[in-house]
Every structure is written in C-alpha cells, then in structure tokens.
2 protein chains.
Amino acid sequence: MDPEKDIQMMRQALREAQKAYEEGEIPVGAVITIGDRIIARGHNQVERLNDPTAHAEIIALTSAFNFLGSKYLPDATLYVTVEPCLMCAGALYWSKIGRVVQGTADPKNGYLHTCGDNNPFHPKTVLTRDVMMEECATLMKSFFQSKR
Amino acid sequence: MDPEKDIQMMRQALREAQKAYEEGEIPVGAVITIGDRIIARGHNQVERLNDPTAHAEIIALTSAFNFLGSKYLPDATLYVTVEPCLMCAGALYWSKIGRVVQGTADPKNGYLHTCGDNNPFHPKTVLTRDVMMEECATLMKSFFQSKR
C-alpha cells in the first residue's frame, strides 16, 4: 500500500465521478487496478440506463471480470469515490477483491448503515478509508446543491 | 397475498432453478410478477457468464427494468427459491420492489447472516418466507451432493 499511488488512482476514480456529474448522475466513480495498471473504469449510470443497480462499482466489476476472463479478483484493488452501498459491498464480496479503497463515507446509503459491525467483504479483502475524502465529498455536495 | 398464487409462482421460480441445475450452476431461480403476469425470469449464471454477480435475482431485475422502462418496481413481486444474498438484497432495495417471496433460507450466504436485525430492503417491501421451502432446499442439497 503506497499512499502516493492511492491518491493517484483515486484521482482517476474522481475523473469517473466527474463524468457522472456531467451526465446528471449522482457523482460516484470507480477504477479497478492490478499493480500500476487500471484494468476497468465505471461511473454511476442509474439514470442513463434506467437501472438503479448501475452503480460505478458494479460497472467496473463487470468490466474487470470480462477483461480478465475471471470471476475472482484477488490481486486487484477497487478505488471508489464514495462508500459502497450494501449491493456493491455484496458484489465486492463475491469478487474476492484484494483491496477496497474508499473516498468519502455515505452515512445514508453506505453499507455500514445496515451492516454495523459485521464485515460484508471477503475476509481477505483489505479496506482503506478516507483517501481524498474532501474532494470526493465536495463533488457529492456540489451535485446535490445544484439539484435543489 | 394469495397463498395459492404464491405456490404457483414459486413453482415457476423453481423451473428457473432447475435450468441452472442442468447447466451446472448453483440452482437458484427467480421470477418477477405484476398481478398474474410474469414480467421477468432469471436463473443463476455465474459460471456461464464468468461473473460472480450474475445471480438469478439480478438477472430478473435487469430484465424487469428493461421490460417496464422503469427503475422502480413498487407494484411487482419477486419470487426467489433461495434467500437473497447481501448483494441481491441491496439490489432489491434500490428497485423499491413491492414484495419479496422467498423459498428456503441460506444461513451461509443469505443477507440475514450479515444484516442481523437490520432490514436491508426498502421499508415498503413486504417479505414472505418459506414458500415451497422443502422443494427449494431439496434442489440445493441435491446439487451440492452431486458435486462431492
């Protein structure tokens, strides 16, 4: 775990979130990396696809499974700008992903709201929180303020 | 809620589960209904699609969103042969589905394992358990015994 690399990759996830913002979607973005390489990207497309499950993490995961031809991602890291929801935490569990790096928390819809002290991820998944937290949170706040 | 209709629709979900069984997949099946009409079907396709998120419920939900052109399903009921996992419970939350009818419990991977007393579904979603429980459980047991 290299804090400099985490910031660099979270910046890429933020670029994905910015795409969502510009498309009128709740601005959440994600990238999946193996080593120094980004193997998948995703941004929230709930409105565009008319599908409330089309979250950034799910889109990035599906892309990663296809790219690798594998249904497990033990060597991969997911960077996501906002704490995953219960559905995305469950999808990450099934992927056996090696590491999850999250930007800002989501007290309303994040998995912690429902899971409490129970870890929803695979026991081997390492979790890192609060990477570029303020930038990730600012983008969300700006989106919701613009919608009022 | 009509117990006769629930059994009839769960039988359809079991037919989907049987398809999964025959394809070498963990035998879980689902149908989504509105009134007396089945609007979507799904069976587990994790191995076939090389995607650990390709659960019966997710496939049926995506199909229902597409069919209705709507991202919310307040008037629909999902029948699923096995208790949904955390991911599927989260997806059902986002769909705001009216009702979930489940066959057998899944103490290992079902949502209750992680959620405990916290309800993962939308507050308006009505849950019915143990419909054709034995038939649904027998298919699962038979699958895992055949794999040993």
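All values below were derived from every heavy atom in this structure, side-chain atoms included, with hydrogens, water molecules and symmetry-related copies excluded. Numbers restart at 1 for each chain; the letters A, B, ... are given by sequence-line order, proteins then strands.
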Undergrad: Indicate if L78(A) and F67(A) have the same hydrophobic cluster label, given that clusters are the connected sets of ILVMFWY residues with side-chain heavy-atom separations under 4.5 angstrom.
TA: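 L78(A) clusters together with F67(A).
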Undergrad: Testing the basics here: between T114(B) and C115(A), what is the closest heavy-atom pair and its distance to 0.1 Å?
TA: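 Looking at all heavy atoms of both residues, the closest pair is CG2-SG, 3.9 Å.
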Undergrad: Of all heavy-atom pairs between L86(B) and P120(A), which one has the smallest distance, and what is that distance?
TA: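 That closest heavy-atom pairing would be CD2-CB, 3.4 Å.
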Undergrad: Can you confirm whether H122(A) is buried at NE2, in the sense that more than 12 heavy atoms of other residues, nucleotides or ligands lie under 6.0 Å from that atom?
TA: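 Counting other residues, nucleotides and ligands, NE2 of H122(A) exceeds 12 neighbours.
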Undergrad: Go through L49(B), N119(B), N109(B) and name the one with the most non-hydrogen pairs under 4.5 angstrom from chain A.
TA: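 Max contact count across the listed options: N109(B).
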Undergrad: Does CD belonging to E22(A) count more than 12 external heavy atoms closer than 6.0 Å?
TA: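 Counting neighbours around CD of E22(A), more than 12 heavy atoms of other residues, nucleotides or ligands fall under 6.0 Å, so yes.
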Undergrad: Against chain A, work out which of N118(B), V46(B), T53(B), N50(B) has the most heavy-atom pairs shorter than 4.5 Å and name it.
TA: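 Between N118(B), V46(B), T53(B), N50(B), the count favours N50(B).
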Undergrad: Check whether more than 12 heavy atoms from other residues, nucleotides or ligands sit under 6.0 Å from atom CD of E134(B), and answer yes or no.
TA: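 Counting neighbours around CD of E134(B), 12 or fewer heavy atoms of other residues, nucleotides or ligands fall under 6.0 Å, so no.
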Undergrad: Does some side-chain heavy atom of W94(B) sit less than 4.5 Å from a side-chain heavy atom of C85(A)?
TA: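 Touching, per the 4.5 Å side-chain cut-off.
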Undergrad: Quick one: of G69(A), G116(A), S95(A), who has the most non-hydrogen atom pairs under 4.5 Å with chain B?
TA: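 Most pairs with chain B among the choices: G69(A).
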Undergrad: Against chain A, label Y111(B) side chain, backbone, both or neither, depending on which of its atoms sit under 4.5 Å from a heavy atom there.
TA: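 Neither part.
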Undergrad: In terms of hydrophobic clusters joined by side-chain contacts under 4.5 Å, are L61(B) and I59(B) together?
TA: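 No, because L61(B) and I59(B) fall into different hydrophobic clusters, even though each may have its own neighbours under 4.5 Å.
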Undergrad: Do I32(A) and M87(B) sit in one hydrophobic cluster, given that two such residues count as connected whenever their side-chain heavy atoms are within less than 4.5 Å of each other, even indirectly?
TA: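 No, I32(A) does not connect to M87(B) through the hydrophobic network.
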